[in-house]
K.L.:
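Attaching a single structure in structure tokens format; questions to follow.
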Amino acid sequence: MKKKIYIAGAGGMLGEAFYRIFKNDYEVKCTDKDVNEKWLSFLDFRDFEKYKKEVEAFKPDYLFHLGAYTDLEFCELNLDDTYLTNTTAVENAVFIANNLDIPMLYISTAGIFDGTKDFYDDWDEPNPLGHYARSKYMGERYVRENAKRYIICRAGWMMGGGPEKDKKFISKIIKQLASGKRDLFIVNDKDGTPTFTVDFAKNVKLLIEKEYWGLYNLVCNGETSRREVAEELVKILDLDNEVTFHEVSSTYFKDTYFAPRPPSERLINKKLELRNLNIMRDWKIALKEYITDYYTDYLKEKNIYSVKEDIITL
């Protein structure tokens, strides 16, 4: 019989990847307060009684708690909503998982560090700068200190979900290009590590199957910068000769992106390496696959991309 996973907060880019990677080998129930897929049903995990009742009725072998507010500006302006969603809802998940004596998965973020170091391994001490980071770190702390069995995975710069679900950097750049923009203003003072949601879900699956509980940095291989990611994206789209890059500092966007962000969010998958469980690919390979798998139709529709024959498959 297949093992069962209850996936809460599965309506976003990460939930899509988890559904894709886990649905064949497990019986999955996916819920969210935004029911935007036929495989989703409604649950607001901030409602403890409803969350508990839902999960207990499904009798899962694992509880995956994925959802969170990830818009940093929204979080700075809506503190109660942020902590209710990103922190106390995580406490709900811990109570439920412990009560059922099942392991839980929590997703943390590279954003919990202050960026004073160039790189962060799994044992570096977080020092969150803004309310998004603080709310996520307090969720992480609660899981670490109270869950009986858990896996916490810290993600980097997320890419995944395609045009509908990707609200992050890659999608923002693609949408600028699709609208005809050829002058891109990219910050030159932010370093990090991209994380392809599909690769992330595959590596989580490996950890779950090996039962290696604990905290893990989980990002693509190869550190980079916002500028380099934008350049690589433009290259994949074959627009190198058309696009002009303008380097700016973060203050250029301070009215739009006013929430504090660390200068470096570069993570190293040190524990995965030591356990010989790091199956994350280089970010450039993952980015190319992401564009091909998720954006081909959208880009054809916008007349800015024809799929090249040399797609990298590994």
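Values below: all heavy atoms of this structure, side chains included; hydrogens, waters and symmetry mates excluded. Only a predicted model underlies this, so the values are computations on that prediction, with no experimental measurement involved.
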K.L.:
Can you tell whether the side chains of Arg227 and Glu231 come within less than 4.0 Å, N to carboxylate O?
P.N.:
yes
K.L.:
Looking just at side-chain N and O atoms, do Ser264 and Lys117 make a donor-acceptor pair shorter than 3.5 Å?
P.N.:
no
K.L.:
So which heavy atom on Ala93 is nearest to which on His65, and how close?
P.N.:
CB-ND1, 3.5 Å
K.L.:
Under a 4.0 Å N-O cut-off, is there an ion pair linking Glu232 with Lys235?
P.N.:
yes
K.L.:
What verdict does the salt bridge (charged side-chain N to carboxylate O under 4.0 Å, His left out) test give for Glu140 and Lys136, after you've listed the backbone C-alpha separation in whole Å, the side-chain angles of each residue and the deciding distance to 0.1 Å?
P.N.:
CA-CA 6 Å; Glu140 177 188 298; Lys136 289 294 291 178; over 6 Å; no
K.L.:
Which heavy-atom pair separates Cys220 from Ala286 by the least distance, and what is that distance?
P.N.:
SG-CB, 3.9 Å
K.L.:
Do Asp189 side-chain atoms and Ser250 backbone N/O form a donor-acceptor pair below 3.5 Å?
P.N.:
yes
K.L.:
Distance under 6.0 Å and angle within 45° of the ring axis: does Arg266 meet both against Trp157?
P.N.:
no
K.L.:
If you link ILVMFWY side chains whenever their heavy atoms are less than 4.5 Å apart, which other residues fall into the same cluster as Tyr120? By chain and number, please.
P.N.:
Ile112, Phe113, Tyr137, Met138, Val219, Leu267
K.L.:
Please answer: with hydrophobic residues joined when any side-chain heavy atoms are less than 4.5 Å apart, are Phe64 and Met104 in the same cluster?
P.N.:
no
K.L.:
Between Leu177, Leu237, Leu233, which is the residue that forms a side chain to side chain contact (heavy atoms under 4.5 Å, CB included) with Val243?
P.N.:
Leu177
K.L.:
Taking Lys53 first and then Glu49, would you say they form a salt bridge - that is, a charged N and a carboxylate O separated by under 4.0 Å?
P.N.:
no
K.L.:
Is it true that the NZ or CZ of Arg281 lies under 6.0 Å from the centre of Phe196's six-membered ring and within 45 degrees of the ring axis?
P.N.:
no
K.L.:
Hey, are the side chains of Asn99 and Glu56 touching, using non-hydrogen atoms and a 4.5 Å cut-off?
P.N.:
yes
K.L.:
Only pairs under 3.5 Å count here: list side-chain donor-acceptor contacts from residues 125-132, not counting sequence neighbours, and write none if there are none.
P.N.:
| residue | atom | partner | partner atom | Å |
| --- | --- | --- | --- | --- |
| Asn127 | ND2 | Asp114 | OD2 | 2.9 |
| His131 | ND1 | Tyr83 | OH | 2.8 |

K.L.:
In Å, rounded to the nearest 0.5 Å, how long is the span from CG of Asp238 to CG of Leu299?
P.N.:
12.0 Å
K.L.:
Given a cutoff of under 4.5 Å between side-chain heavy atoms of I, L, V, M, F, W and Y, with clusters grown through shared members, what are the other residues clustered with Ile268?
P.N.:
Phe119
K.L.:
Would you say Asp124's side chain and Asp121's backbone share a donor-acceptor pair under 3.5 angstrom?
P.N.:
yes
K.L.:
Does the side chain of Leu40 reach to within under 4.5 Å of the side chain of Asn36, using non-hydrogen atoms?
P.N.:
yes
K.L.:
Output the distance between atom CG (Leu272) and atom CG (Asn217), rounded to the nearest 0.5 Å.
P.N.:
8.0 Å
K.L.:
Answer whether the closest heavy-atom distance between the side chains of Asp32 and Leu43 falls below 4.5 Å.
P.N.:
no
K.L.:
Run the salt-bridge test on Glu211 and Arg149 with the 4.0 Å N-O cut-off and return the result as yes or no.
P.N.:
no
K.L.:
For the side chain of Lys148 and the backbone of Val94, is there at least one donor-acceptor N/O pair under 3.5 Å apart?
P.N.:
no
K.L.:
Please evaluate residues Cys153 and Val204 with respect to the criterion side chain to side chain contact (heavy atoms under 4.5 Å, CB included), reporting the C-alpha separation (whole Å), side-chain torsions for both, the decisive distance (0.1 Å), and the verdict.
P.N.:
CA-CA 8 Å; Cys153 293; Val204 168; 3.9 Å; yes
K.L.:
Charged N to carboxylate O below 4.0 Å: is that the case for Arg182 and Glu242?
P.N.:
yes
K.L.:
What residue pairs, at least two apart or across chains, pass ring-ring contact (aromatic ring centres under 6.0 Å, His included) with a residue in residues 254-274?
P.N.:
none
K.L.:
Can you confirm whether Leu287 sits close enough to Pro194 that some side-chain heavy atom of one is under 4.5 Å from a side-chain heavy atom of the other?
P.N.:
no
K.L.:
Is Phe45 reachable from Ile152 through a run of I, L, V, M, F, W or Y residues, each pair having side-chain heavy atoms under 4.5 Å apart?
P.N.:
yes
K.L.:
Write out all pairs satisfying salt bridge (Lys or Arg N to Asp or Glu O under 4.0 Å) with one or both partners inside residues 249-261, taking only residues at least two apart or from two chains.
P.N.:
Glu73-Arg261
K.L.:
Hey, are the side chains of Glu265 and Asp191 touching, using non-hydrogen atoms and a 4.5 Å cut-off?
P.N.:
no
K.L.:
Inspect the contact between Asp282 and Lys284 and indicate whether a charged nitrogen and a carboxylate oxygen are less than 4.0 angstrom apart.
P.N.:
no
K.L.:
Test your reading of the model: is there a side-chain donor-acceptor pair from Asp47 to the backbone of Lys50, 3.5 Å cut-off?
P.N.:
yes
K.L.:
Taking the six-membered ring of Phe169 as reference, does the NZ or CZ atom of Arg226 fall below 6.0 Å from its centre and within a 45° cone about the axis?
P.N.:
yes
K.L.:
When you measure from the side chain of Lys202 to the backbone of Thr197, do you find a donor-acceptor pair of N or O atoms at a distance under 3.5 Å?
P.N.:
no
K.L.:
As a test of understanding, state which of Tyr19, Phe22, Phe18 forms a ring pair (Phe, Tyr, Trp, His ring centres under 6.0 Å) with Trp39.
P.N.:
Tyr19
K.L.:
Where the side chain of Ser179 meets the backbone of Gln176, is there a donor-acceptor pair that is under 3.5 Å apart?
P.N.:
yes
K.L.:
I'd like to know if the side chain of Tyr216 pairs up with that of Arg275 as donor and acceptor (distance under 3.5 Å, no hydrogens or angles considered).
P.N.:
yes
K.L.:
Give every residue pair that meets the salt bridge (Lys or Arg N to Asp or Glu O under 4.0 Å) criterion with at least one member in residues 158-179, sequence neighbours excluded.
P.N.:
Glu37-Lys165
K.L.:
Could you check whether any side-chain heavy atom of Thr195 comes within less than 4.5 Å of a side-chain heavy atom of Met280, counting everything from C-beta outward?
P.N.:
yes
K.L.:
Asp44 and Phe42: side chain to side chain contact (heavy atoms under 4.5 Å, CB included), yes or no, with the steps?
P.N.:
CA-CA 7 Å; Asp44 185 339; Phe42 180 81; 4.2 Å; yes
K.L.:
Measuring only between side-chain heavy atoms, which start at C-beta, is Ile174 closer than 4.5 Å to Ile291?
P.N.:
yes
K.L.:
Flag yes if Leu218 and Ile151 sit in one hydrophobic cluster, no otherwise; membership is Ile, Leu, Val, Met, Phe, Trp, Tyr, and two members link when side-chain heavy atoms are under 4.5 Å apart.
P.N.:
yes
K.L.:
Check whether Asp122 reaches the backbone of Lys270 with its side chain - one donor and one acceptor, N or O, closer than 3.5 Å.
P.N.:
yes
K.L.:
Could you pull out the closest heavy-atom pair between Gly111 and Pro262, with the gap in Å?
P.N.:
O-CG, 4.3 Å
K.L.:
Mind checking side chain to side chain contact (heavy atoms under 4.5 Å, CB included) for Thr244 and listing every partner two or more places apart, or none if nothing turns up?
P.N.:
Asp183, His246
K.L.:
Checking one residue: Tyr69. Which other hydrophobic residues are in its cluster under the side-chain 4.5 Å linking rule?
P.N.:
Phe74
K.L.:
What residues, two or more places apart in sequence or in another chain, satisfy side chain to side chain donor-acceptor pair (under 3.5 Å) together with Asp240?
P.N.:
none
K.L.:
Contact between Val229 and Ile170 at the side-chain level, heavy atoms closer than 4.5 Å - yes or no?
P.N.:
yes
K.L.:
I'd like a table of donor-acceptor pairs (distance under 3.5 Å, sequence neighbours excluded) in which one partner is a side-chain atom from residues 3-14, with atom names and distances.
P.N.:
| residue | atom | partner | partner atom | Å |
| --- | --- | --- | --- | --- |
| Lys4 | NZ | Phe58 | O | 2.6 |
| Tyr6 | OH | Thr31 | OG1 | 3.1 |
| Tyr6 | OH | Glu54 | OE1 | 2.7 |

K.L.:
Using the ring-ring contact (aromatic ring centres under 6.0 Å, His included) rule, take Tyr150 and Tyr106 through it: C-alpha gap first, then chi angles, then the decisive distance, then the call.
P.N.:
CA-CA 8 Å; Tyr150 63 85; Tyr106 172 69; 9.6 Å; no
K.L.:
If every non-hydrogen atom of Gly139 is compared with every non-hydrogen atom of Thr87, which pair is closest and at what distance?
P.N.:
N-CG2, 3.9 Å
K.L.:
If a pair satisfies salt bridge (Lys or Arg N to Asp or Glu O under 4.0 Å) and one of its residues is in residues 10-26, list it, with sequence neighbours excluded.
P.N.:
Glu16-Arg20, Asp25-Lys205
K.L.:
Can you sort out the partners of Leu206 under side chain to side chain contact (heavy atoms under 4.5 Å, CB included), two or more places apart, ordered by chain and number?
P.N.:
Asn203, Lys210, Leu277, Ile279
K.L.:
Whether the side chain of Tyr290 engages the backbone of Val198 through a donor-acceptor N/O pair (distance < 3.5 Å, no angle test) should be reported.
P.N.:
no
